[in-house]
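Below is one structure, written out as structure tokens; the observations come after it.
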Amino acid sequence: MTDFLIINVVIPLVQIGVLLGILGLATGYIVLAERKVLAFIQSRLGPMRVGPHGLLQPIADSLKLILKEDLIPGSADKLLYIASPIVVVAAAFTTLALIPFGEGITLFGYHIPGVIADVNVGILLILGISGLTTYGIILGGWSSNSKYPLLGAMRAAAQMVSYEIALTFAVLAGLMMAGTLSMVGIVEAQLDMGVWFIFVQPVAWGIFTIAMVAETNRAPFDMAEAESELVGGFFTEYSGMRWALFFLGEYTAMLVMAAINVTLFWGGWLRPFPNVEALAFLDAVPSGIWFLLKVTTFLYLYIWIRGTFPRYRYDQLMALNWKSLIPLSILNLLVTGVVMLLLA
Amino acid sequence: MLETKEFELNMGPQHPSTHGVLRLVLHLDGETVLDVDTVMGYLHRGTEKLCETRNYYQNVPFTDRTDYLAAPYNNLGYVETVEKLGGYQVSERALYARMAIVELSRIASHLFWLATHALDIGAQTMLFWCTREREVILDFFEAALGDRLTTSAFKPGGLRRDLPEGWVEAVLEFCGTFPARVEEYETLLNANRIWMERTVGIGVISGEDAIALGLSGPMLRGSGVDHDLRKALPYGGYDTVDFDVPVYPDCDSYSRYLVRMEEMRQSTRIVQQALAKMPEGKITGKAPKMIKIAEGVEAYHVVESPRGELGYYMIGGGKDIPYKCKIRAPSFCNLQAVGPMSKGLLIADVVTVIGTIDIVLGDVDR
């Protein structure tokens, strides 16, 4: 009975606590890292005032945001206005429960898995829940009862729905290789095959990476918030902590998308060349560190892209998706199927 | 059928991409622009009227505040007009010092244009790269003229004071490294697929339309019309230096971008030549301490500012203040093109169009 309680209640609660605790801090530091990396790309220093090299900046920022006056525009639909940032954040946080961060560790005789919930339809569930983010954004834009947010929300809805198709097709190609929907299972399949899926599915990876940037509304696909056109887009009217919730949602979504990318194509927590015995000394590095290293690389990629490219126009973005990415992803799926059939 | 109606969006006067206090009323069908109403005047300070109440020397600082991104060029336009009115001679040293300073201001202005234009299109990094170089030029202004933005660089007859020691060498050193920087910008943008998609074929205005609307400067040269006042009506010694006028025929934002990038290189060449030709001697000029222009004596003088044809029309008032000082501001005329250029485009393109025209609201409203 105690064992049952510990395995099914205590361990998950501890995991959730640790994850949320780390995440709150991590998001702040991703923002700081973004500002720092962008600063170095742009030949300046970035935040330097709060703490050494601005290391305490996230704390100062969150304090400021929490202490700000809670403003709700008079003409806004209050209920939806309050609910929408919560929807965005809740959706982003829930998906985190399904991401395997490592092999897990054994403590006090209990095995603590590297994932909070290893669901057998894991990746579908993640895509489904993260799809809910769109509702938060549309409702946020709509309930503000203002023109710029409305345009931003409209763009966001169209963009996210379209890119989800390409994204899912790219994921499907990986799933066909793995033969399972479970996030843990996908990593184990890569261990069994002895090869990361990036080497067998490079096209799917490319499509996924582009769609991932678009799905999280990041530059150069940041139509929805396009600062120079829509002055912030769907969250123009938001301020203080509500605005910060959208922000938190966006950065968590970035993290989740990067984690899916790593899990699906870059071997999750596996070390490079998992089946090559000569490299066994790499096992000295804990699996969780490998995972975080890979995720960090993708987070850096997001920032790098933002520092380099101009913004797409709304219609060009849609054209890129419907005319290039989706046909390509379907073709890739077809080729994958045929090759697998021939090899089987 | 659902009822559809025109959507009216107020862009500005407080909007990050209107480059100041410009207000555009967009009539939209979805995101497609049907029509644009331009509302300006938010920055009107009555510069022209103010010029009628101060003497010829005191008016120079007013001209700084029209096109504040290229203040030396405005100073030059005004000062040369006064010289034309009074028939004053400029010393050779002052002539070339002025040429170097105004061409530096053209580079600074184009740099800031590129910075903001790219930022509007979403290329954030350009803002910082361009301001990095612009900062160096502003330091030159500070050293030679005492101020960075509102320079009040010249006075009728010459400069206020001589160039500081080591200034010429420092500027020449900058001119040596600057073309490599322009190349750096171009590697980031020229063949960039997104940049091309956002600027090629956007904001098209044909050469005839451009002339009919009275556009000038890069707006004209980006539409295939080879017209540069430095060549067409040489002033301030421009006929003694060697430079090319870039002209691109595609009439869109991309060709205007190419024009301005090339102009930065040509301006560097001009600065180098001007500083090489600058002789020793007196720089402060020979105009009298109190300029008096007889009543009814009038002059119109145009210079090619970074934004286009900048004209000053002045009439002497008999005493030491002008009777009339009318400014033909390039931004004001170029702004007319916003409507014709953005019809049928999307909201995002309106931002590109405003950027490509390179307006300065101080210049538009005066």
Side-chain angles (χ1 to χ4, degrees), chain A residues 34-46 141 146-159 210 213-214 217-233 236 302-320 323-324, chain B residues 7-12 14-19 24-26 28 30-33 114-133 135 181 184 187-189 192-202 253 257 345-355:
Chain A
E34 168 156 22
R35 291 176 65 181
K36 278 287 185 189
V37 172
L38 274 182
F40 287 125
I41 290 176
Q42 294 160 352
S43 68
R44 55 196 176 94
L45 288 172
S146 171
K147 284 176 182 174
Y148 284 109
L150 180 64
L151 278 172
M154 213 168 67
R155 287 179 175 192
Q159 175 186 342
I210 295 173
V213 178
N217 274 328
R218 292 280 305 177
F221 304 107
D222 53 344
M223 283 324 78
E225 35 201 280
E227 197 177 315
S228 53
E229 300 147 27
L230 299 184
V231 212
T236 303
Y302 274 115
I303 301 167
W304 190 10
I305 291 174
R306 180 173 169 200
T308 312
F309 288 116
R311 186 184 298 114
Y312 261 113
R313 207 175 59 203
Y314 173 59
D315 60 322
Q316 293 164 345
L317 171 104
M318 296 304 254
L320 175 76
K323 290 183 186 162
S324 318
Chain B
F7 185 63
E8 218 171 72
L9 188 69
N10 207 357
M11 200 164 166
Q14 294 295 326
H15 188 283
S17 300
T18 50
H19 295 202
L24 297 176
V25 182
L26 306 179
L28 302 171
E31 283 213 24
T32 312
V33 177
L114 179 63
T116 49
H117 186 41
L119 181 69
D120 289 345
I121 295 184
Q124 209 187 21
T125 301
M126 293 311 296
L127 175 69
F128 297 96
W129 286 16
C130 292
T131 35
R132 180 183 59 193
E133 268 72 65
E135 204 67 9
R181 299 291 187 158
E184 209 175 289
T187 41
L188 200 60
L189 295 177
N192 185 321
R193 206 187 121 167
I194 305 179
W195 180 259
M196 302 272 285
E197 284 189 28
R198 288 300 304 274
T199 52
V200 173
I202 302 299
S253 301
Y257 155 77
L345 301 177
L346 300 174
I347 297 179
D349 296 326
V350 175
V351 173
T352 314
V353 166
I354 298 173

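Every chain is numbered from 1 and lettered A, B, ... according to where its sequence line falls, protein lines coming before strand lines. This structure is a prediction, so every number in the text was calculated from the model and none was measured.
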Discussion item. Looking at every heavy atom in both B/N192 and A/P310, which two are closest together, and how far apart are they?
Written reply: ND2-CD, 3.4 Å
Item to complete: Write down the atom of A/R311, the atom of B/I194, and the distance for their closest heavy-atom approach.
Response: O-CG2, 3.5 Å
Worksheet item: If only atom types and distance count, is the side chain of B/W129 paired as donor or acceptor with the main-chain N or O of A/I41 below 3.5 Å?
Response: yes
Worksheet item: Do the side chain of B/E197 and the main chain of A/Q316 share a donor and acceptor less than 3.5 angstrom apart?
Response: no
Practice prompt. Could you look at B/L345 and say if it's the side chain, the backbone, both or neither that has a heavy atom under 4.5 Å from chain A?
Written response: neither
Fill in: Flag side-chain contact, heavy atom, 4.5 Å: A/R313 against B/T352
no
Item to complete: With the side chain counted from C-beta on, respond yes when B/R132 and A/R44 share a heavy-atom pair under 4.5 Å apart, and no when they do not.
Response: no
Worksheet entry | Heavy-atom pairs under 4.5 Å with chain A, option from B/N10, B/L127, B/L346, B/T131 with the top count | B/L346
Measuring from atom [atom1] of [X] to atom [atom2] of [Y], what distance do you get when rounded to the nearest 0.5 angstrom?
X: A/Y312; Y: B/I121; atom1: OH; atom2: CD1; value: 13.5 Å
X: A/D315; Y: B/D349; atom1: CG; atom2: CG; value: 7.5 Å
X: A/T308; Y: B/Q124; atom1: OG1; atom2: CD; value: 10.5 Å

